[in-house]
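A short write-up of the structure that comes next.
Note that this is a predicted model, so its numbers are computed, not measured.
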Amino acid sequence: MIVKNLYDDVIGTDADVDAAQWTSRRLLLASDGMGFSLHDTLIKQGEELHMWYKNHVEAVYCIEGEGEITEKKNGKVHQIREGTMYALNDNDQHILHANKGVGMRMVCVFNPPVTGRETHDKDGSYLLPETD
Ligand code: 9YT
């Protein structure tokens with residue numbers, strides 16, 4: 001069994017990755033052998049992230065804050081608030097916007113799992129370990 005606490009075991013370690021627009025606290029990584037990674041991610045308030053996970057599927061569950069997600073292929077905009085989940089089941093290109101003042105706290109699951117300290121490349125993607 002794997003038991004970790006965000007505050008005791010993740011924050012301030014290598015699994016705590018701070019990027020310009022977000023901070024990703026990675027509770028499970030590839031090395032944990034689960035087949036997915038599990039992140040507690042803070043999207044900084046007012047930020048707009050352009051992402052395209054070409055190599056991963058991702059499910060995202062908002063547990064705090066507010067914002068919206070735009071599907072690039074058709075321009076559809078979905079409001080996000082506490083309790084909203086979105087799943088990028090089609091390597092969807094998207095724009096995530098966190099409202100000013102609050103930001104968003106998201107629980108994210110990636111398959112295949114993120115291996116460690118990945119941050120986005122120019123397309124808003126994570127490379128697979130083989131191509132890192
Ligand atoms: C929700 C989202 O995709 N945020 C970008 C950071 C990423 N999910 C991560 O590594 O936690």
Side-chain angles (χ1 to χ4, degrees):
M1 186 183 293
I2 302 166
V3 179
K4 296 183 192 178
N5 179 277
L6 177 68
Y7 305 100
D8 295 342
D9 304 313
V10 178
I11 290 177
T13 72
D14 270 0
D16 181 2
V17 180
D18 190 37
Q21 298 179 299
W22 46 266
T23 303
S24 177
R25 294 88 58 92
R26 296 173 174 170
L27 288 149
L28 289 171
L29 289 165
S31 55
D32 291 300
M34 296 292 291
F36 57 85
S37 56
L38 177 67
H39 313 191
D40 180 326
T41 297
L42 304 172
I43 309 294
K44 298 177 185 178
Q45 60 114 353
E47 293 293 346
E48 186 175 278
L49 286 69
H50 290 248
M51 293 181 279
W52 183 16
Y53 292 122
K54 291 179 242 184
N55 304 308
H56 300 78
V57 290
E58 183 194 23
V60 179
Y61 183 56
C62 179
I63 56 171
E64 286 174 22
E66 287 176 8
E68 61 187 32
I69 183 168
T70 305
E71 300 183 56
K72 278 198 182 171
K73 72 172 175 221
N74 55 22
K76 273 191 193 159
V77 180
H78 310 271
Q79 299 304 312
I80 299 175
R81 61 183 169 87
E82 181 185 323
T84 305
M85 185 282 306
Y86 64 86
L88 304 169
N89 59 328
D90 199 22
N91 304 114
D92 312 77
Q93 294 190 60
H94 62 288
I95 304 166
L96 185 63
H97 179 254
N99 286 357
K100 283 218 169 77
V102 281
M104 289 190 288
R105 184 176 178 192
M106 323 288 260
V107 176
C108 312
V109 176
F110 276 84
N111 177 18
V114 164
T115 58
R117 295 190 57 79
E118 287 96 331
T119 55
H120 294 143
D121 69 8
K122 62 176 172 31
D123 291 330
S125 171
Y126 290 144
L127 298 178
L128 289 170
E130 296 77 39
T131 56
D132 258 346

Same cluster for [X] and [Y] if Ile/Leu/Val/Met/Phe/Trp/Tyr side chains link at under 4.5 Å?
X     : Y      : result
Tyr86 : Leu42  : no
Val77 : Met106 : no
Leu38 : Val10  : yes
Met51 : Ile43  : yes
Phe36 : Leu88  : no

Shortest non-hydrogen contact from [X] to [Y]?
X      : Y      : result
Pro113 : Gly35  : CD-O, 3.5 Å
Ser37  : Leu29  : CB-CA, 4.2 Å
Lys4   : Leu27  : NZ-O, 2.9 Å
Ala98  : Gly103 : CB-CA, 4.0 Å
Asn74  : Lys76  : OD1-N, 2.9 Å

key: Summary of salt bridge (charged side-chain N to carboxylate O under 4.0 Å, His left out) pairs that have at least one residue in residues 78-88, sequence neighbours excluded   =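 Passing the test, one end in residues 78-88: no pairs.
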query = How would you list all residue pairs meeting salt bridge (charged side-chain N to carboxylate O under 4.0 Å, His left out) that involve residues 11-23, not counting sequence neighbours?
reply =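 Applying salt bridge (charged side-chain N to carboxylate O under 4.0 Å, His left out) to every pair that reaches into residues 11-23, excluding sequence neighbours, yields Asp18-Lys44.
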Test salt bridge (Lys or Arg N to Asp or Glu O under 4.0 Å) applied to Lys72 - qualifying residues, sequence neighbours left out =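 Expected list: none.
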inquiry  = Restricting to ring-ring contact (aromatic ring centres under 6.0 Å, His included), what partner residues turn up for Tyr53, sequence neighbours left out?
reply    =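 Only Phe110, His120, Tyr126 meet the ring-ring contact (aromatic ring centres under 6.0 Å, His included) criterion with Tyr53.
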Could you give the distance from [atom1] ([X]) to [atom2] ([Y]), rounded to the nearest 0.5 Å?
X      : Y     : atom1 : atom2 : result
Met104 : Gln45 : CE    : CD    : 11.5 Å
Thr115 : Arg26 : OG1   : CZ    : 8.5 Å
Cys108 : Arg25 : SG    : CZ    : 10.5 Å

query = Below 4.5 Å, heavy atoms only, C-beta onward: do His39 and Val114 meet side chain to side chain?
reply =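 Touching, per the 4.5 Å side-chain cut-off.
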key: Side chain proximity check, Leu28 to Met34, heavy atoms < 4.5 angstrom   =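 SC-SC contact between Leu28 and Met34 confirmed.
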query = Do Glu71 and His78 get their side chains close enough for a donor-acceptor pair, meaning under 3.5 Å?
reply =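 Judged by distance alone, the side chains do pair up.
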message = More than 12 heavy atoms of other residues, nucleotides or ligands under 6.0 Å from NZ of Lys100: yes or no?
response =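 No, the 6.0 Å shell around NZ holds no more than 12 heavy atoms from other groups.
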Quick one: side chains of residues 61-70, donor-acceptor pairs under 3.5 Å with protein atoms, not counting sequence neighbours, listed by atom name and distance.
residue	atom	partner	partner atom	Å
Glu64	OE2	Arg105	NH1	3.4
Glu68	OE1	Gln79	NE2	3.4

task = Assess whether side-chain contact (heavy atoms from CB on, under 4.5 Å) is satisfied between Lys73 and Asp90, documenting all intermediate values.
result = CA-CA 11 Å; Lys73 72 172 175 221; Asp90 199 22; 4.1 Å; yes
task = Identify, with sequence neighbours excluded, every residue that meets side chain to side chain contact (heavy atoms under 4.5 Å, CB included) alongside Asn89.
result =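 By the side chain to side chain contact (heavy atoms under 4.5 Å, CB included) rule, Asn89 matches Asp92.
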ask   = Can you check whether Glu48's main-chain N or O pairs, donor with acceptor, with Gln21's side chain at less than 3.5 Å?
value =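 Yes.
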